[in-house]
Amino acid sequence: MSKYRTHNCNELNEKNTGDNVVLSGWVNKKRDHGNLLFLDLRDNYGITQCIIDKENSHFVKLERLQLETVIRIDGKVVKRSNDSINKEINTGGIEVSIDSFEILGVCRELPLPVFSNQEYAEEIRLKYRFLDLRRKKIHENIILRSKVISFIRNEMNKLGFLEFQTPILTSSSPEGARDFLVPSRLNPGKFYALPQAPQQFKQLVMVSGFDKYFQIAPCFRDEDARADRSPGEFYQLDLEMSFVEQEDIFNVVEELFVNTFKNFSNKRLLFNKFPRITYKETMLKYGSDKPDLRNPLLINDITDIFLRKDVSFEIFKKLVNSGSNVRCIVTKNTRDKPRSFFDNIDKWAKEQGASGLAYFTIEKDNDIHAKGPVGKFFSKESLNEIMSQTGAEIGDSVFLACGKLNELEKITSLARDKIAKDLNLVDENVFAFCWIIDYPMFEIDEFSKKIKFSHNPFSMPQGDKNKINFEKPLEILAYQYDIVCNGIELSSGAIRNHIPELMYKLFNVAGYSKIDVEKKFSGMINALSYGAPPHGGIAPGIDRIIMLLANEKNIREVTMFPMNQNAQDLMMNAPSSVNESQLKELNLSLKTKK
RNA sequence: GGGGGUGUAGCUCAGUUGGUUAGAGCGAUCGCCUGUCACGCGAUAGGUCGAGGGUUCGAGUCCCUUCACUCCCGCCA
């Protein structure tokens, strides 16, 4: 028998009545009646109410125990009377009458209450993370995380994938995010880099003939944090398959995600077969490449309306003539919404830095006409045309924005979210997955105006390999895809380019010579030159999957020991200074601070 | 690098137009209480109002600088 317990704190019930038991755990809560003390003992599994009265010599010591002290209790299970049963906890039918106890771990005065639904400042939570992690919600989130990862491993194994580890100390890559660098002691002046993702390694695994690979892979990127983005490190379900096309990857991922999300959430999946939306289409309809498909609102381009003679909305017409576009969002049956509803949205848009959102509502008395501040600018015929282009009907409202394509996409995307929120159109009990496909291979850099890779330079371009028109690089599409759920980007993936000659040509478009490519990606190019299978994969973010399943808005809520926004670990004091001898051994010296 | 929000007791917060000795709940300490499960009742201790400077007869409150945390933009192939 264990010295510390015969049962955990979630096990005992009426059937144990009369048993002598040993429990160990934390003092979660005391209710002291002076001559009678209730003490809730908590462990990982649950809570058991323990009780002691003044007759017992241990009473005074127990009465004075600090909450969160770790104790062992010897006692007897007692059935509770019917009127004192607690249905909130699994052990609520019984209580343990304490015979004796022992303190196993003393606890100082707490910097934050553990048993409380209060919310606390992030700083104190992170500094005392070990206390924060004892709290119910986050404790459960971390357990959920473990279970989800275990489930995914199991599913991947069932699907025939092999799990491999790839190096953590590797070489710096020229593309992408900033690397974390690690100085090499044995190679003075040289640095390892922590992998931003095992991208090249997993391709090498395919070249090595292993066929299907996965890994719950740590990834390191020295970029600034967001609510859904940890600074420094995060985890991906990294996977890669040989002899596959895009469709094969989609099938595996859809099966995995449907199973995982059905298993760990009560929310409904809006699509079991995830819709595929081209990049071009999503940027038009949703203004974003991570659309939230729970939101039914769509964006339409109605620029041509403003070239008509019977439309007299001069501000927009002038902008359209100088190259701007007009896009609109139609809201169904909003004719009875108060003026304030519309004005609030217009005001909100101005706060977002846009010039506002014009709007009108389509009405019909004898004739169709538009009501609202800009309604008078639209003829009956032009309204009919808008209705046929957008599907708007009598009683619907049309919100209009005008601008250059980039800013127009941005504001209409935000407006789509804002309006849906105001009209309460988003079903929170749903997961809406989709694939974004057909990403362009290249794009123009906004500042340098040069051609650059829009995503992964190792992606396979679409179409006949011999007929790709490198003269028009912006028209080349890639077998490059994203998976999105509820407006959150879970992952990018691609069919890889396994043909070195083709890779040289594509890099050439982006301004890299053959020698550049050989220098920077020598390992990769070399490997692809010795018989590489066609292959592709994807790498969904584990942390974001858990966020969705745990219904959390911040990634720290599903991360055991997260860093703060400035990439500091407040509990371990990382990063920290190192002493001179460590630096010397690494052949490093620090520039003196300003 | 830039923009927004927050910062008052160990924790969560209130603090009016600038005006007496800065308050509450929880926690802590002490006392009372034998059926609670957010137990109840009473008392006590606990404050560099993030820091520095300024305006003023007078600053938690107004102004400037700065720090911390956070959200967003940039960034994240």
Side-chain angles (χ1 to χ4, degrees), chain A residues 28-42 47-56 59 63-64 66-68 78 80-89 91-92 95 97 107-128 131-132 173-179 196-197 199-200 219-234 351-353 410 414 439 441-443 445-447 452-459 478 480 482 489 492-494 506-507 510 520-521 539 541 553-554 556 563-566 568 570:
Chain A
N28 192 58
K29 191 73 188 166
K30 287 182 297 181
R31 289 174 295 282
D32 188 352
H33 290 237
N35 294 311
L36 179 72
L37 173 70
F38 296 97
L39 184 154
D40 293 338
L41 198 66
R42 183 197 74 239
I47 285 179
T48 302
Q49 174 168 286
C50 304
I51 185 166
I52 188 168
D53 71 21
K54 209 168 188 175
E55 303 303 309
N56 190 306
F59 182 88
E63 195 181 28
R64 287 169 189 280
Q66 173 70 244
L67 296 182
E68 294 304 308
V78 179
R80 294 202 205 182
S81 66
N82 282 338
D83 58 343
S84 62
I85 287 173
N86 182 353
K87 294 199 172 104
E88 303 289 308
I89 54 176
T91 61
E95 59 202 8
S97 175
C107 180
R108 301 204 297 215
E109 187 177 343
L110 293 164
L112 60 91
V114 171
F115 180 69
S116 165
N117 292 322
Q118 264 179 26
E119 297 200 24
Y120 310 102
E122 209 60 36
E123 196 173 357
I124 198 141
R125 291 185 61 192
L126 293 180
K127 186 170 176 191
Y128 296 98
L131 291 178
D132 191 39
S173 63
E175 296 281 322
R178 293 185 194 91
D179 283 320
Q196 296 176 23
Q199 178 63 40
Q200 294 196 48
C219 304
F220 305 91
R221 295 176 192 176
D222 188 4
E223 296 294 348
D224 290 354
R226 287 289 183 279
D228 63 351
R229 210 167 77 199
S230 293
E233 54 189 79
F234 61 98
E351 284 164 9
Q352 302 305 308
K410 211 170 275 178
L414 289 170
Y439 275 85
M441 192 86 210
F442 298 102
E443 64 187 13
D445 186 279
E446 209 176 316
F447 299 105
K452 63 170 190 179
F453 286 106
S454 64
H455 274 71
N456 187 330
F458 299 119
S459 295
Q480 165 88 44
D482 276 10
E489 183 195 318
S492 288
L506 291 166
F507 268 101
K520 285 171 173 164
F521 304 104
K553 295 253 181 309
N554 195 296
R556 287 186 299 268
M563 296 197 283
N564 70 9
Q565 192 170 46
N566 296 321
Q568 299 159 340
L570 299 177

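Only a predicted model underlies this, so the values are computations on that prediction, with no experimental measurement involved.
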Nearest to side-chain heavy atoms of A:R64, which nucleotide of B:rU12, B:rG27, B:rG31: B:rG31
side-chain N/O A:R226 vs B:rC75 OP1/OP2, d < 4.0 Å: no
Student check: side-chain heavy atoms of A:M563 and A:S230 closer than 4.5 Å: no
Any A:K29 side-chain nitrogen or oxygen under 4.0 Å from OP1 or OP2 of B:rC39: yes
Options B:rU36, B:rC76, B:rG25, nucleotide nearest the side-chain atoms of A:R31: B:rU36
Distance between C1' atoms of B:rG27 and B:rU66 (Å, rounded): 33 Å
B:rU16 to B:rC75 separation - C1' atoms, rounded to the nearest Å: 44 Å
Closest nucleotide among B:rC33, B:rG10, B:rG74 to the A:E63 side chain: B:rC33
Touch class at under 4.0 angstrom, heavy-atom based, for A:S454 against every strand present: sugar-phosphate
Nucleotide paired to B:rG1 in any strand shown, Watson-Crick or G-U, under 3.5 Å: B:rC73
Complementary nucleotide for B:rA68 - Watson-Crick or wobble, under 3.5 Å: B:rU6
What nitrogen or oxygen pairs link the protein and nucleotides 68-70 of chain B at under 3.5 Å?
from, atom 1, to, atom 2, distance (Å)
B:rA68, O2', A:E123, OE1, 3.3
B:rA68, O2', A:E123, OE2, 3.3
B:rC69, OP1, A:N564, ND2, 2.8
B:rC69, OP1, A:Q568, OE1, 2.9
B:rC69, OP2, A:N566, ND2, 2.5
B:rU70, OP1, A:Q565, N, 3.3
B:rU70, OP2, A:Q565, N, 3.0
B:rU70, O3', A:R556, NH2, 3.4

Candidates B:rC11, B:rC75, B:rC37 - which lies nearest the side chain of A:Y120: B:rC11
Side-chain donor/acceptor contact of A:D83 with base of B:rG35 under 3.5 Å: no
NZ/NE/NH1/NH2 to OD/OE distance under 4.0 Å, A:D224 and A:R229: no
Ion pair A:R125/A:D132, N-O distance below 4.0 Å: yes
Note, A:N86 side chain near A:Q49 side chain (heavy atom, < 4.5 Å): no
Close side-chain approach of A:K30 and A:D32, heavy atoms under 4.5 Å: no
Residue pair A:H33 / A:F38, side-chain heavy-atom distance below 4.5 Å: yes
Any-strand Watson-Crick or G-U partner of B:rG25, both distances under 3.5 Å: B:rC11
Nearest-Å distance once atom P is located in both B:rA43 and B:rC57: 42 Å
Polar pair under 3.5 Å, donor/acceptor by atom type, side chain A:E95, base B:rG35: yes
C1'-based separation of B:rG60 from B:rU21 [nearest Å]: 15 Å
Whole-Å C1' distance, B:rG31 and B:rG10: 23 Å
Sugar-phosphate only, base, or nothing, as touched by A:L37 at under 4.0 Å among non-hydrogen atoms: nothing
Any N/O donor-acceptor pair, A:R221 side-chain to B:rC76 base, under 3.5 Å: no
Sugar-phosphate only, base, or nothing, as touched by A:E119 at under 4.0 Å among non-hydrogen atoms: sugar-phosphate
Heavy-atom side-chain proximity of A:R108 to A:Q66 below 4.5 angstrom: no
Aromatic plane relationship, A:F507 with A:F521 - under 30° parallel, 30 to 60° tilted, over 60° perpendicular: tilted
Gap in Å between the two C1' atoms, one belonging to B:rG47 and one to B:rU12, rounded: 16 Å
Same-atom distance (P) from B:rG18 to B:rA59, integer angstrom: 14 Å
Proximity to the side chain of A:N86 - top-ranked nucleotide from B:rC75, B:rC37, B:rU36: B:rC37
Upstream residue (5' side of RNA chain B) when A:N456 and A:F115 are each assigned their closest nucleotide: A:F115
